[in-house]
Amino acid sequence: QVQLVESGGGLVQAGGSLRLSCAASGRTFSNYALAWFRQAPGKEREFVAFLSWSAGTTYYADSVKGRFIISRDNTKNTVYLQMNSLKPEDTAVYYCACGVYLGITTRPGFYAYWGQGTQVTVSS
C-alpha cells in the first residue's frame, strides 16, 4: 500500500520561504509521477507542481512558476517542494499525490494516492 506523508508546513511572512517534504513508501516509484496540489478554504483543490519520478520531468502551475521548485531524492524516496517568494494567496493545505506516470497530468482525479496534507499560512 502506497503511503505519502507530508511535512514542513507552517506560518511564514510574505516574501519568505518554506520547503515541504513528501515521504513515499510502499512500492517502487520508478513508473510513477508525484504532484503537489493545494486547497484553500472554500476553494477547489488546485494543481501546483508535477514530477515524473524516473525522468525527473517537471511542470508547474503558472501561479507558482519561477517561485516554486519540485525535486526528488531517490535515496530517501522523498519529493520536495521548495517555495520561495511566498505570497498570502499561497495560503492553503498542501497535498502530495502519486499516480502511474502517463505524461504530465494536472487533474486531481488522476492520482490514486494522497497524503494527509500540511498547512501553509503566509501572512502579509
Side-chain angles (χ1 to χ4, degrees):
Q1 180 71 14
V2 173
Q3 287 192 320
L4 304 173
V5 180
E6 301 101 332
S7 61
L11 173 64
V12 64
Q13 288 189 331
S17 298
L18 280 175
R19 189 178 79 159
L20 306 183
S21 300
C22 173
S25 62
R27 66 164 302 116
T28 301
F29 292 96
S30 57
N31 295 323
Y32 278 68
L34 286 97
W36 287 96
F37 289 81
R38 65 187 182 187
Q39 189 166 18
K43 295 188 176 181
E44 292 187 354
R45 192 165 296 190
E46 67 169 346
F47 168 78
V48 175
F50 169 96
L51 173 76
S52 65
W53 192 272
S54 180
T57 302
T58 59
Y59 182 78
Y60 299 91
D62 287 344
S63 58
V64 306
K65 200 174 295 182
R67 299 189 298 123
F68 291 11
I69 300 171
I70 188 171
S71 63
R72 72 194 187 294
D73 184 334
N74 289 340
T75 64
K76 297 181 179 179
N77 263 12
T78 299
V79 174
Y80 303 99
L81 185 69
Q82 177 67 42
M83 305 186 296
N84 301 318
S85 302
L86 283 162
K87 305 174 181 180
E89 51 263 44
D90 294 318
T91 295
V93 177
Y94 283 70
Y95 297 90
C96 175
C98 176
V100 174
Y101 177 63
L102 295 175
I104 295 172
T105 304
T106 63
R107 293 183 292 110
F110 168 80
Y111 294 89
Y113 305 100
W114 292 81
Q116 82 286 354
T118 185
Q119 176 71 46
V120 171
T121 304
V122 184
S123 64
S124 57

Would you compute the distance between atom SG of Cys98 and atom CG of Leu34 and round it to the nearest 0.5 angstrom? 4.5 Å
Do Lys65 and Asp62 sit within salt-bridge range, that is, some charged N less than 4.0 Å from a carboxylate O? yes
Residues Tyr59 and Thr106: closest non-hydrogen pair is CE2-CG2, 3.9 Å
Non-hydrogen side-chain atoms of Met83 and Ser17 separated by less than 4.5 Å: no
Donor-acceptor check, side chain of Ser71 to backbone of Ile69, threshold 3.5 angstrom: yes or no? no
When clusters are formed by joining ILVMFWY residues with side-chain heavy atoms under 4.5 Å apart, either directly or through shared neighbours, do Ile104 and Phe110 land in the same one? yes
Using atom types as modelled and distance alone, determine if a side-chain donor or acceptor of Thr57 lies under 3.5 Å from a backbone N or O of Ser52. no
Look at the aromatic rings of Tyr95 and Trp114 and report parallel, tilted or perpendicular, splitting at 30° and 60°. perpendicular
Between Tyr111 and Thr105, is there a donor-acceptor pair closer than 3.5 Å when you use the side chain of the first and the backbone of the second? yes
Look up atom OG1 in Thr118 and atom OH in Tyr94, then write down how far apart they are to the nearest 0.5 Å. 10.5 Å
Can you check whether Glu6's main-chain N or O pairs, donor with acceptor, with Gln116's side chain at less than 3.5 Å? yes
With clusters defined by side-chain heavy atoms of hydrophobic residues (ILVMFWY) lying less than 4.5 Å apart, directly or transitively, does Val79 cluster with Val100? yes
Can you tell me how far CG of Leu18 sits from CG of Leu81, rounded to the nearest 0.5 angstrom? 9.5 Å
Polar side-chain atom of Thr78 near backbone of Lys76 as donor-acceptor pair, under 3.5 Å: yes
Can you measure from NZ (Lys43) to CD (Glu89) and round to the nearest 0.5 angstrom? 8.5 Å
For Ser85, does its backbone N or O pair with a side-chain atom of Arg67 as donor and acceptor, under 3.5 Å? yes
Inter-residue atom distance Arg38.CZ - Leu20.CG, 0.5 Å rounding: 11.0 Å
Search all heavy atoms of Ala33 against all heavy atoms of Phe50 and return the closest pair with its distance. CB-CE1, 3.4 Å
Tell me which one of Glu44, Arg107, Arg45, Glu46 satisfies side-chain contact (heavy atoms from CB on, under 4.5 Å) with Phe37. Arg45
To the nearest 0.5 Å, what is the distance between OG1 on Thr121 and CD on Gln13? 13.0 Å
Quick one: closest heavy-atom pair of Leu4 and Ala24, and the distance? CD2-CB, 3.6 Å
Any donor-acceptor N/O pair, Arg72 side chain to Trp53 backbone, under 3.5 Å: yes
Short side-chain to backbone donor-acceptor contact, Ser54 and Asn31, under 3.5 Å: no
Treat each ILVMFWY residue as a node, draw an edge where side-chain heavy atoms are under 4.5 Å apart, and state whether Leu51 and Val64 are in one component. yes
Could you see if Tyr80 belongs to whatever hydrophobic cluster contains Tyr113? Use Ile, Leu, Val, Met, Phe, Trp, Tyr and a side-chain cutoff under 4.5 Å. no
Could you check whether atom OH of Tyr60 has more than 12 heavy atoms from other residues, nucleotides or ligands sitting under 6.0 Å from it? yes
Can you check side chain to side chain contact (heavy atoms under 4.5 Å, CB included) on Gln82 and Ile70, steps first, answer last? CA-CA 6 Å; Gln82 177 67 42; Ile70 188 171; over 6 Å; no
